[in-house]
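Notes follow once the structure below has been shown.
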Amino acid sequence: MKITLLQRDIAWADPEANMQANDRLFSADERSDLYVFPEMFSTGFCTNPEGIAEPAPSRTLAWMEEKAVQHRCAVAGSLAVEEGGRYFNRFYFVFPDGSFAQYDKKHLFTYGGEHLRFTPGRERIVIEYQGLRILPLICYDLRFPVWSRNRGDYDMIIYVASWPRPRTYAWKQLLRARAIENQCYVAGVNRCGSDPGNEYEGGTVLLDPYGEVVAECPDGIESRISAEIDPERLAEIRKKFPVLEDADPFTLAE
């Protein structure tokens, strides 16, 4: 499966401008099976979502569905959405037929006040696409290894993020740790540029189950990378060194 990771500078609180900019990526890029955008890629990361978050089902979700069907691919990323009077940081994974799966961010970023206005998700989901099992997670989730622990039920984690520049080192090291400890591919897709509160370095990368770099974007600039995910190689690695079979059993309590 070919995956394309999109390191974008996001126009603040302007879904229309972001959709127009992202349109050009599909016309310019060679075909991929899956395109992944950063966290809140239609608005930028907003902790005060009034007037910024999109009503669900949002116009940007409709755009994702259109692109997925038109280009016969999957499209993923998170949006700030309002539904039933509550706000969610919602990861959408849109399939080539226009159907979608969704995950609401569990670990809201309390340091930035995200928990004050957004509602946390409670459900961990695994998405199956082209024979690959994918765990979708969002930004701050990366710091909580129990939530992302491989229970033998996935092959790749996708983290979409708005991870600020001062903590770029932590971003890169934690992504590598998650790949190694969960013996899986990890795609980390972070934005670049700036918003009213922060600057962003990027650090978008695809890691293999050894934590080695398969492909990575240059820091600090808009760019994209494409690479192949190899399920057969993953199976060989897990068979050769079956570390997951010795994992500690556990149950998550709400």
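- Donor-acceptor pairing under 3.5 Å is recorded for the side chains of N22 and R8.
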>> For a salt bridge (charged side-chain N to carboxylate O under 4.0 Å, His left out) check, start with the C-alpha distance between D97 and R72, then their side-chain angles and the critical distance, and finish with the verdict.
In response: CA-CA 8 Å; D97 64 359; R72 301 185 299 280; over 6 Å; no

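- A53 and Y87 get closest at one heavy-atom pair: CB-CD2, 3.7 Å.
- The shortest distance between side-chain heavy atoms of V69 and P96 does not fall below 4.5 Å.
- By the neighbour-count criterion of 12 heavy atoms within 6.0 Å, atom CZ of R59 is sparsely surrounded, having that number or fewer from other residues, nucleotides or ligands.
- Here the side chain of T204 pairs a donor or acceptor atom with the backbone of N190 at under 3.5 angstrom.
- In this structure, the side chains of T47 and P49 stay at 4.5 Å or more apart for every pair of heavy atoms.
- Put simply, W147 and Y185 are part of the same group of oily side chains (I, L, V, M, F, W, Y) that touch within less than 4.5 Å, one to the next.
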> Could you walk me through whether D153 and R124 pass the salt bridge (charged side-chain N to carboxylate O under 4.0 Å, His left out) check?
Replying inline: CA-CA 11 Å; D153 59 348; R124 175 185 180 274; 2.8 Å; yes

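- By the 6.0 Å contact criterion, CZ on F144 is enclosed, its count of non-hydrogen atoms from other residues, nucleotides or ligands being greater than 12.
- Remark: E66 CD to M19 CE distance equals 9.5 Å, nearest 0.5 Å.
- Taking CE of M1 as the start and CD1 of I229 as the end, the distance is 5.5 Å to the nearest 0.5 Å.
- Although no hydrogens or angles enter the test, the distance criterion places a donor-acceptor pair under 3.5 Å between the side chain of S58 and the main chain of L61.
- Judged purely by distance below 3.5 Å, without hydrogens or angles, the side chains of S42 and N18 never pair a donor atom with an acceptor atom.
- Side-chain contact between V213 and L207 is present, with at least one heavy-atom pair separated by less than 4.5 Å.
- Counting heavy atoms of neighbouring residues, nucleotides and ligands inside a 6.0 Å radius, atom CD of E128 does not exceed 12 of them.
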> D230 and E232: side chain to side chain contact (heavy atoms under 4.5 Å, CB included), yes or no, with the steps?
Replying inline: CA-CA 5 Å; D230 187 348; E232 291 184 2; 3.5 Å; yes

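- Look at D155 and R238 and you find a salt bridge, because one of the NZ, NE, NH1 or NH2 atoms lies within 4.0 Å of a carboxylate O, short of that distance.
- The aromatic rings of F41 and F37 sit parallel, their planes meeting at an angle under 30°, below the 60° perpendicular limit.
- In this structure, the side chain of N182 does not engage the main chain of C184 through any donor-acceptor pair within 3.5 Å.
- Nearest heavy-atom pair across C73 and S32 is CB-O, 3.3 Å.
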>> Go through it in stages, so that I can follow the logic: the residues are L79 and F91, the test is side chain to side chain contact (heavy atoms under 4.5 Å, CB included), and I'd like the CA-CA distance, side-chain angles, deciding distance and then a yes or no.
In response: CA-CA 6 Å; L79 307 175; F91 187 119; over 6 Å; no

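- No chain of hydrophobic side-chain contacts below 4.5 Å, direct or via other Ile, Leu, Val, Met, Phe, Trp or Tyr residues, connects Y169 to L142.
- Side-chain contact check for Y92 versus V81: some heavy-atom pair is nearer than 4.5 Å.
- A side-chain donor-acceptor contact under 3.5 Å links Q7 to the backbone of I221.
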>> For L34 and Y129: C-alpha separation, side-chain torsions, deciding distance, then whether side chain to side chain contact (heavy atoms under 4.5 Å, CB included) applies.
In response: CA-CA 9 Å; L34 170 60; Y129 177 59; 4.2 Å; yes

> Given D9 and Y200, is the side-chain hydrogen bond (donor to acceptor under 3.5 Å, both in side chains) satisfied, shown in steps?
Replying inline: CA-CA 9 Å; D9 186 0; Y200 303 90; over 6 Å; no

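- Under the 4.5 Å side-chain criterion, counting only non-hydrogen atoms from C-beta, L174 is in contact with R143.
- No donor-acceptor distance shorter than 3.5 angstrom exists from the side chain of R191 to the backbone of M40, with no hydrogens or angles considered.
- A distance-only check finds no donor-acceptor pair linking the side chain of R165 to the backbone of C192 [under 3.5 Å].
- Closest non-hydrogen pair, V189 versus L6, comes out as CG1-O, 3.5 Å.
- Residue I127 holds its CD1 atom at 5.5 Å from CZ of F95, rounded to the nearest 0.5 Å.
- Side-chain contact, E54 with T43: no donor N or O sits under 3.5 Å from an acceptor N or O.
- Looking only at side-chain heavy atoms (C-beta outward), D219 and K172 come within less than 4.5 Å of each other.
- Inspection of the T168 and E201 side chains reveals no N or O donor paired with an N or O acceptor under 3.5 Å.
- Taking every heavy atom of both residues into account, T60 and P15 meet most closely at OG1-CB, 4.0 Å.
- For the atom pair CD of E82 and CZ of F118, the computed distance is 10.5 Å after rounding to the nearest 0.5 Å.
- The aromatic rings of W163 and W171 lie tilted to each other, with the angle between the two planes from 30° to 60°.
- In this structure, the side chain of D141 engages the main chain of I138 through a donor-acceptor pair within 3.5 Å.
- A donor-acceptor pair shorter than 3.5 Å can be found between the side chains of D23 and W63.
- With a 4.5 Å cut-off on side-chain heavy atoms, T110 and Y140 count as touching.
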> Do Y103 and F93 pass the ring-ring contact (aromatic ring centres under 6.0 Å, His included) test, and can you show the C-alpha distance, the side-chain angles, and the key distance before you say yes or no?
Replying inline: CA-CA 9 Å; Y103 160 74; F93 189 103; over 10 Å; no

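- To the nearest 0.5 Å, atoms OG (S226) and CG (L206) are separated by 10.0 Å.
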>> If you apply the rule ring-ring contact (aromatic ring centres under 6.0 Å, His included), what do you find for Y35 with F26, and how did you get there?
In response: CA-CA 9 Å; Y35 295 83; F26 286 94; 4.7 Å; yes

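- With R149 contributing its side chain and E181 its backbone, the two residues share a donor-acceptor pair below 3.5 Å.
- A salt bridge links D208 with R233: the closest approach of a Lys/Arg side-chain nitrogen to an acidic carboxylate oxygen falls below 4.0 angstrom.
- Atom CE of M156 is separated from atom CD1 of I158 by 4.0 Å, given to the nearest 0.5 angstrom.
- Here the side chains of S78 and K105 are not in contact, with every heavy-atom distance at 4.5 Å or above.
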>> Before you tell me yes or no, could you show the steps for E50 and N48 under side chain to side chain contact (heavy atoms under 4.5 Å, CB included), namely the whole-Å CA-CA distance, both residues' side-chain angles and the distance that decides it to 0.1 Å?
In response: CA-CA 6 Å; E50 291 83 359; N48 295 306; 4.3 Å; yes

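- By the 4.0 Å N-to-carboxylate-O rule, E212 lies too far from R176 to be salt-bridged with it.
- Under the 6.0 Å distance and 45° angle rule, R90 counts as a cation-pi partner of F88.
- Using a cutoff of 4.0 Å between basic side-chain nitrogens and carboxylate oxygens, K2 and D33 are not scored as salt-bridged.
- Atom CZ of R86 is surrounded by 12 or fewer heavy atoms from other residues, nucleotides or ligands within 6.0 Å.
- I237 and L132 are assigned to two separate hydrophobic clusters, defined by single-linkage of ILVMFWY side chains at heavy-atom distances under 4.5 Å.
- With 3.5 Å as the limit, one finds a donor-acceptor pair spanning the side chains of N89 and E114.
- Under a 3.5 Å cut-off, the side chain of Y154 and the backbone N or O of S148 do form a donor-acceptor pair.
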